[in-house]
Amino acid sequence: MKTTRAPRTTSPDSDASAAARAPRTARAVRVPGGLSFRVDVRALTVVVLLVVAALAASVVLIGTGDFPIPAADVLKTLVGQGSRGQDFIVRELRLPRVLVGLLVGACLGLGGALFQSVSRNPLGSPDVLGLSQGASAGALVVIVLFSGGATTVTLGALVGGLVTGLAIYFLAWKQGVHGYRLVLVGIGVNAIVTAVNGYLITKADFVDAARAVVWMTGSLNGRDWTQVWPLLVLCLVLLPVVAGNARGLRMLEMGDDVSYALGVRVERVRLLLMGSAVLLTAAATAAAGPVVFVALTAPQLSRRLTRSPGPNLAASTCMGAALLVAADLASQRAFGADQLPVGVVTGVLGGIYLLWLLVVERRKGRV
C-alpha cells in the first residue's frame, strides 16, 4: 500500500526552516562519568574563527596610532617584554580602548541575539526597539540638565536603558509578550524617545549640546580602565544567567504553546532574558555611546555563517566583538588623518545591511 507524506509547514517568524535544510554537522561528545553532549562542529568552527579574527584585529588596532607599533612588538609588550615607552602606550593608552570595544561589541551582539530570538523577528534589535535611544536619553538628561561628569553620565545611560526596557515590556504585555507586538511597541517608543532627545539638545547651551552630540555619535575615544571593569563584571554576572536559560530560549522560538507543553516557564524565561538583554545594551551604550546596528547585524551574520537554527548566542557574541573592533580599525585607517567615530562607520555599514535585509524579508513576504 503506497502512502504519501503530508507537506510540512514552516513558520514565517524565523529562518529555522532554511537552516534545517542545510546539512547538519552535530556530533555527540562523551566525557568521563557517563555524560555526553552534542557539539555542532560548523558552529564551533565559526566561533573559533571569529575569536581569532577579533583578537587579530585587536592586535593590529593596538599598534595603530600616531606612534605605530608592529604587531610582533605589540605581542611582546603584552607579555611584558616591550620597552618602557611601548609598555605605557600599549597597556595604559590603547589596550583599555580595545578591551572596551571587544566588550561593547560582545554585549551588543548577545543583546541583539536575545531580542531577535524572543521577538522571533530579525528586526527585533535594541536599535529598532528604542533601547539605545532610551540609554541616550538618560545620558542626555544628565549632560544637559545637570552637567554631570563621566560617571554620572554612565549611570544616567544605565537608568535610561532600564526605564525604556521596562516601558516597552509593560506596554507590550497582553496575557504575555509576543514578538510582533514587542517590535511595534518598541518602534513607537523609539520614535518618542528620539523626539525627547532632540528636544533636550535644542534646550542645551552650546557647550553641553556639543558634548551631547559627540557622545551620541558613539565612540571609543578616551576610553580607559574605568570603563573596562564594570563591563567585564556585568558580562561575568549575566553570561551564566543567559546560558542557564538558553534551552528555554530555543524552545520559545517554537512558540509559547509548544514551550508550555515542554515544561518551559515561558514568562519567567522571557523576562529574565529580556532583562539581561536590556542590561547588556544599556551598559554597552553607557560605555561607548549608542553604537548603532551592531546588535542588528551580528546575530543575522552569525546565523548565516553557522547555518544553524536557534539563537546562536556564542556566535553572535563573538561576531559583535569582531565587528566593532574591525569598524574601529577601519575608522582609524581608512580615512587618513580624518578619524571617524566608530558609531559613524557602524551606522553606514549597518544602514546598508538593513536595507538589504528589508529587501530580502519583503521578497519572502515577511514585511
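Heavy-atom basis, side chains included; hydrogens, waters and symmetry copies ignored.
The backbone N or O of Ala243 sits nowhere less than 3.5 Å from a side-chain atom of Arg247 that would complete a donor-acceptor pair. Without hydrogens or angle criteria, Ser117 side chain to Leu114 main chain gives no donor-acceptor distance under 3.5 Å. Between the side chain of Ser302 and the backbone N or O of Pro299, at least one donor-acceptor pair lies under 3.5 Å. Checked by atom type and distance alone, the side chain of Gln227 pairs as donor or acceptor with a backbone atom of Asp224 at under 3.5 Å. Between the Arg91 side chain and the Leu78 main chain, a donor and an acceptor come within less than 3.5 Å of each other.
In this structure, CG in Leu239 is found 7.5 Å from CG in Leu280, a value given to the nearest 0.5 Å. Considering CD1 of Ile89 and CZ of Arg84, their distance stands at 13.5 Å, rounded to 0.5 Å. Rounding to the nearest 0.5 Å gives a distance of 8.0 Å between CG of Leu158 and CG of Leu234. How far CZ of Arg94 is from CZ of Phe88: 11.0 Å, rounded to the nearest 0.5 Å. Here Leu110 contributes atom CG and Ser276 contributes atom OG; the two are 8.0 Å apart, rounded to the nearest 0.5 Å. Rounded to the nearest 0.5 Å, atoms CG (Leu279) and OG1 (Thr281) are 9.0 Å apart.
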Extract all donor-acceptor atom pairs below 3.5 Å that involve side chains of residues 51-64 and protein atoms in other chains or at least two apart in sequence.
from  : atom 1 : to     : atom 2 : distance (Å)
Ser58 : OG     : Ala54  : O      : 2.7
Thr64 : OG1    : Val60  : O      : 2.8
Thr64 : OG1    : Arg333 : NE     : 3.2
Thr64 : OG1    : Arg333 : NH2    : 3.3

With a 3.5 Å cut-off and sequence neighbours excluded, list the donor-acceptor pairs that the side chains of residues 124-140 form with protein atoms.
from   : atom 1 : to     : atom 2 : distance (Å)
Ser125 : OG     : Asp127 : N      : 3.4
Asp127 : OD2    : Phe293 : N      : 2.8
Gln133 : OE1    : Asn197 : ND2    : 2.9
Ser136 : OG     : Ser132 : O      : 2.9

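Residues that satisfy the side chain to side chain contact (heavy atoms under 4.5 Å, CB included) test with Leu272, not counting sequence neighbours, are Asn245, Arg268. Evaluation of the side chain to side chain contact (heavy atoms under 4.5 Å, CB included) rule for Trp225 yields Glu92, Leu95, Pro96, Leu99, Val228, Trp229 as partners, not counting sequence neighbours. In terms of the side chain to side chain contact (heavy atoms under 4.5 Å, CB included) criterion, residue partners of Leu305 (sequence neighbours excluded) are, by chain and number, Val46, Met319. With sequence neighbours left out, the side chain to side chain contact (heavy atoms under 4.5 Å, CB included) criterion links Leu171 to Val185, Val189.
Listed here is the closest heavy atom pair of Cys107 and Leu231: SG-CD2, 4.2 Å. Minimum heavy-atom separation, Thr346 to Val292: OG1-O, 3.1 Å. Closest heavy-atom contact between Leu296 and Gln300: O-CG, 3.7 Å.
Side chains of Leu324 and Leu102 form no contact here, defined as non-hydrogen atoms less than 4.5 Å apart. Between Leu155 and Val142 the shortest side-chain heavy-atom distance does not fall below 4.5 Å. Side-chain atoms of Val344 and Pro341, non-hydrogen and from C-beta on, do get closer than 4.5 Å to each other. Leu273 is not listed as a side-chain neighbour of Phe115, based on a closest heavy-atom distance of 4.5 Å or more.
Both Val213 and Leu200 are members of a single hydrophobic cluster when ILVMFWY side chains are connected at heavy-atom separations under 4.5 Å. Cluster annotation: Val104 and Leu236 are assigned to the same hydrophobic cluster (Ile/Leu/Val/Met/Phe/Trp/Tyr, side-chain heavy-atom contacts under 4.5 Å, transitive). Under a hydrophobic clustering in which Ile, Leu, Val, Met, Phe, Trp and Tyr are joined whenever their side-chain heavy atoms come within less than 4.5 Å, directly or via other members, Leu145 and Ile201 fall into the same cluster. One hydrophobic cluster holds both Ile143 and Val196 under the rule that ILVMFWY side chains link at heavy-atom gaps under 4.5 Å.
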Decide side chain to side chain donor-acceptor pair (under 3.5 Å) for Asn312 and Thr306; before the verdict, give the C-alpha distance in whole Å, the side-chain angles of both, and the deciding distance to 0.1 Å. CA-CA 8 Å; Asn312 289 288; Thr306 60; 3.0 Å; yes
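At a threshold of 4.0 Å, the pair Arg97-Asp328 counts as salt-bridged, since one of the basic side-chain nitrogens sits closer than that to a carboxylate oxygen.
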